[in-house]
Amino acid sequence: MKGTIILLALFFLSESKGVINWLQNHLLLCPFKQTLGIDCPGCGIQRSILELMEGNFIASFKLYPATLPIIALFMFTIVHLKFDFKNGAFFIKMLYIGITLIIVINYIYKIFTHQLS
């Protein structure tokens, strides 16, 4: 088991041949940006996840501040579905609201600082 984990870690962290390198070369295009020519509220999440996979937490946050809360939401939702916490549904709703606020505030910030490309 320990050997498998080490092999998986080496596979993910390999710079010449690995999942991260492949993902960097195969990012999905944003239809919103292709159509209108400006970033959508979700632009940056793919690059943010890649930075997070490489261990660059600050770069990940700068690219898309909602990435870590979204991952926490997914993880908590999976655990909640397994163990059915008493106030789990309420906590998930609050996380959704918080993540939505982060995304909207970040997008408004991008608009006012002319960071939309």
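Numbering of residues begins at 1 and proceeds along the displayed sequence. Worth knowing before you read on, the calculation uses all heavy atoms, side chains too, and leaves out hydrogens, waters and symmetry mates. Keep in mind the model is a prediction, meaning the values are calculated, not measured.
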(Q) Same cluster or not: I92 versus I97, using hydrophobic residues (I, L, V, M, F, W, Y) connected whenever any side-chain heavy atoms lie under 4.5 Å apart? (A) no

Q: For I38 and F32, work out which heavy atoms get closest and say how close.
A: O-CD2, 3.6 Å

Q: Apply side-chain contact (heavy atoms from CB on, under 4.5 Å) to the pair M75 and H80, showing each step before the final yes or no.
A: CA-CA 9 Å; M75 290 173 52; H80 172 64; over 6 Å; no

Q. Does some side-chain heavy atom of K110 sit less than 4.5 Å from a side-chain heavy atom of D39?
A. yes

Q) With the 4.5 Å side-chain cut-off for hydrophobic clustering, are L63 and I102 part of the same group? A) no

Q. Which class fits the ring pair F76 and F85: parallel under 30°, tilted 30 to 60°, perpendicular over 60°?
A. parallel

**Q.** Evaluation steps, side-chain contact (heavy atoms from CB on, under 4.5 Å), between F57 and L52
**A.** CA-CA 6 Å; F57 295 102; L52 196 60; 3.3 Å; yes

Q.
Would you say CG of L27 has more than 12 non-hydrogen atoms from neighbouring residues, nucleotides or ligands within 6.0 angstrom?
A. yes

Q: Would you mind reporting whether L68 and S60 have side-chain heavy atoms less than 4.5 Å apart?
A: no

Q: Would you confirm whether N25, through its side chain, and N21, through its main-chain N or O, come within 3.5 Å as a donor-acceptor pair?
A: yes

**Q.** Side-chain touch I45/I70, heavy atoms, less than 4.5 angstrom
**A.** yes

Q: Say whether I108 and I105 are linked into one hydrophobic cluster, either directly or through other cluster members, by side-chain heavy-atom distances under 4.5 angstrom.
A: no

Q | Whether over 12 other heavy atoms sit under 6.0 Å from Y107 OH | A | yes

Q) Quick one: are N56 and L50 in side-chain contact, heavy atoms under 4.5 Å? A) no

Q) Between V79 and I99, is there a shared hydrophobic cluster once you connect ILVMFWY residues whose side-chain heavy atoms come closer than 4.5 Å? A) yes

Q: Indicate yes or no: at least one non-hydrogen side-chain atom of E51 is less than 4.5 angstrom from one of Q46.
A: no

Q.
Under a 3.5 Å distance rule, please check whether S48 uses its side chain to pair with a backbone N or O of G44 as donor and acceptor.
A. no

Q.
Could you report the tightest heavy-atom contact between P69 and P65, atom names first, then the distance?
A. CD-O, 3.6 Å

Q. From K93 NZ over to N87 CG, what is the distance, rounded to the nearest 0.5 angstrom?
A. 11.0 Å

**Q.** Shortest non-hydrogen separation from L73 to T77 and the atoms involved
**A.** O-OG1, 2.7 Å

Q.
If you define the side chain from C-beta out and look only at heavy atoms, does anything of Y64 sit under 4.5 Å from I49?
A. no

**Q.** Linked, directly or transitively: F91 and F74 (ILVMFWY side chains, under 4.5 Å)
**A.** yes

